[in-house]
A.B. asks: 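Before I ask anything, let me first share the structure, which is written out below as structure tokens.
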Amino acid sequence: MRILAVEDDERLVVLLQRGLREEGHVVDACGTCADALGQAQTIAYDVILLDWMLPDGDGLSLLRSWRDRGVETPVLMLTARGAVGERVLGLRSGADDYLVKPFDFAELLARIEALGRRRGGESGQLRVGNVVLDGRRRVVIAGTQEVALTAREFALCSLLFRRVGEVLTRSELLASVWGPSFDGEPNVLDVYVGYVRAKLAQLGAEAPTIRAQRGVGYRLIAAEGRK
């Protein structure tokens, strides 16, 4: 999954990134409300981990701003505030779950996975036509045939499946899959689009395909849209 951690405790951020990446997730981090506000609107995250107290404001106000702007990403509050009234306030402000610090990493991981399943549906799957993207096993499936994806291929494929038919800009795709601070070669996107395109083609004529929008980016086209 693509996860955003909004947390100003640098030590905790390092631990979260290390632990979640070992589980195969992609983790970005923001330390302020100002940075996190726009990032959650421009990148399609699966889950957001949100601290209550941040240097330039509070997490609840940030959460309300996201919800007002149509950001529906599941949010897990991570905070030392554990009183019942505070947990209720967090949930009523738009949070989907609440975990009090200090917490056990195994419980955090289980809660993230539960929110991710809710985001992708109970099956953890996305479907375009007759092709299914299975997030639990990181494969694309058509009938009895399935093709495995790497973590990076899955992140790219997941974003395209969620927004089938839309043109996604190169900058958006690079930020979503490689992180907003990515400073590598831009053509890495074209390489991975080629990988994903080839794997979808293995599923046959009914599989969606990725088309380039010259000078802009890429979009996923369902099989019926190509006729």
Side-chain angles (χ1 to χ4, degrees), residues 1-120 124 135 151 154-155 158-159 162 171-172 174-183:
M1 286 183 285
R2 185 88 188 185
I3 299 170
L4 175 63
V6 185
E7 170 64 63
D8 65 328
D9 183 335
E10 294 183 4
R11 179 174 174 275
L12 178 56
V13 169
V14 170
L15 293 173
L16 287 172
Q17 289 182 319
R18 181 186 304 156
L20 292 171
R21 284 171 179 168
E22 287 176 355
E23 296 295 327
H25 303 301
V26 178
V27 185
D28 298 331
C30 288
T32 65
C33 293
D35 290 340
L37 179 61
Q39 189 153 323
Q41 293 177 252
T42 57
I43 297 178
Y45 289 103
D46 296 290
V47 175
I48 297 174
L49 309 179
L50 177 62
D51 190 13
W52 189 310
M53 298 301 298
L54 294 163
D56 58 342
D58 69 274
L60 292 190
S61 296
L62 174 60
L63 177 55
R64 294 187 191 103
S65 295
W66 281 333
R67 297 308 189 221
D68 288 344
R69 288 167 168 77
V71 176
E72 299 178 353
T73 307
V75 171
L76 171 57
M77 297 289 299
L78 299 179
T79 175
R81 299 189 175 204
V84 173
E86 291 170 325
R87 294 201 300 271
V88 170
L89 178 59
L91 294 169
R92 286 181 172 170
S93 296
D96 297 89
D97 201 355
Y98 198 104
L99 191 57
V100 178
K101 301 176 183 177
F103 49 81
D104 183 85
F105 182 76
E107 181 179 4
L108 171 67
L109 185 61
R111 288 173 182 260
I112 289 172
E113 290 172 348
L115 290 175
R117 287 195 299 273
R118 189 184 309 172
R119 171 76 163 173
F154 175 78
S158 179
L159 184 57
R162 283 202 178 94
S171 58
E172 181 178 4
L174 284 167
S176 294
V177 179
W178 282 269
S181 59
F182 175 74
D183 60 357

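In what follows, every heavy atom counts, from backbone to side chain, and hydrogens, waters and symmetry copies are set aside. By convention here, the first residue in the shown sequence is residue 1.
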A.B. asks: Quick check: do Y98 and L76 have side-chain heavy atoms less than 4.5 Å from each other?
C.D. replies: no

A.B. asks: Contact between R69 and L37 at the side-chain level, heavy atoms closer than 4.5 Å - yes or no?
C.D. replies: yes

A.B. asks: Give the minimum heavy-atom separation between G31 and D8, together with the two atoms involved.
C.D. replies: O-CB, 3.6 Å

A.B. asks: If you look at every heavy atom in L50 and G59, which pair is closest and at what distance?
C.D. replies: CD2-O, 3.4 Å

A.B. asks: Name all residues meeting the side-chain contact (heavy atoms from CB on, under 4.5 Å) criterion together with L89; count only those two or more places apart in sequence or in a different chain, and write none if there are none.
C.D. replies: W52, L60, R64, S93

A.B. asks: Evaluate side-chain contact (heavy atoms from CB on, under 4.5 Å) for T79 paired with D51, printing each intermediate quantity in order.
C.D. replies: CA-CA 5 Å; T79 175; D51 190 13; 4.3 Å; yes

A.B. asks: Check whether any side-chain N or O of D56 sits under 3.5 Å from a backbone N or O of A34 as a donor-acceptor pair, and report yes or no.
C.D. replies: yes

A.B. asks: Below 4.5 Å, heavy atoms only, C-beta onward: do L4 and C30 meet side chain to side chain?
C.D. replies: yes

A.B. asks: Without placing hydrogens or testing angles, list every side-chain donor-acceptor pair under 3.5 Å for residues 12-26, not counting sequence neighbours.
C.D. replies:
unit_1 : atom_1 : unit_2 : atom_2 : d
R21    : NH2    : V27    : O      : 3.0
H25    : ND1    : M1     : N      : 3.0

A.B. asks: E10: what forms a salt bridge (Lys or Arg N to Asp or Glu O under 4.0 Å) with it, not counting sequence neighbours?
C.D. replies: none

A.B. asks: Taking the side chain from S158 and the backbone from F154, do they hold a donor-acceptor pair closer than 3.5 Å?
C.D. replies: no

A.B. asks: How long is the straight-line distance from CZ of R2 back to CZ of R162, given to the nearest 0.5 Å?
C.D. replies: 11.5 Å

A.B. asks: Do Y45 and D28 touch side chain to side chain, with heavy atoms closer than 4.5 Å?
C.D. replies: yes

A.B. asks: Any non-hydrogen side-chain atom of L78 less than 4.5 Å from a side-chain atom of R111?
C.D. replies: no

A.B. asks: When you look at L49 and L99, which way does the side-chain contact (heavy atoms from CB on, under 4.5 Å) test go after all the steps?
C.D. replies: CA-CA 10 Å; L49 309 179; L99 191 57; over 6 Å; no

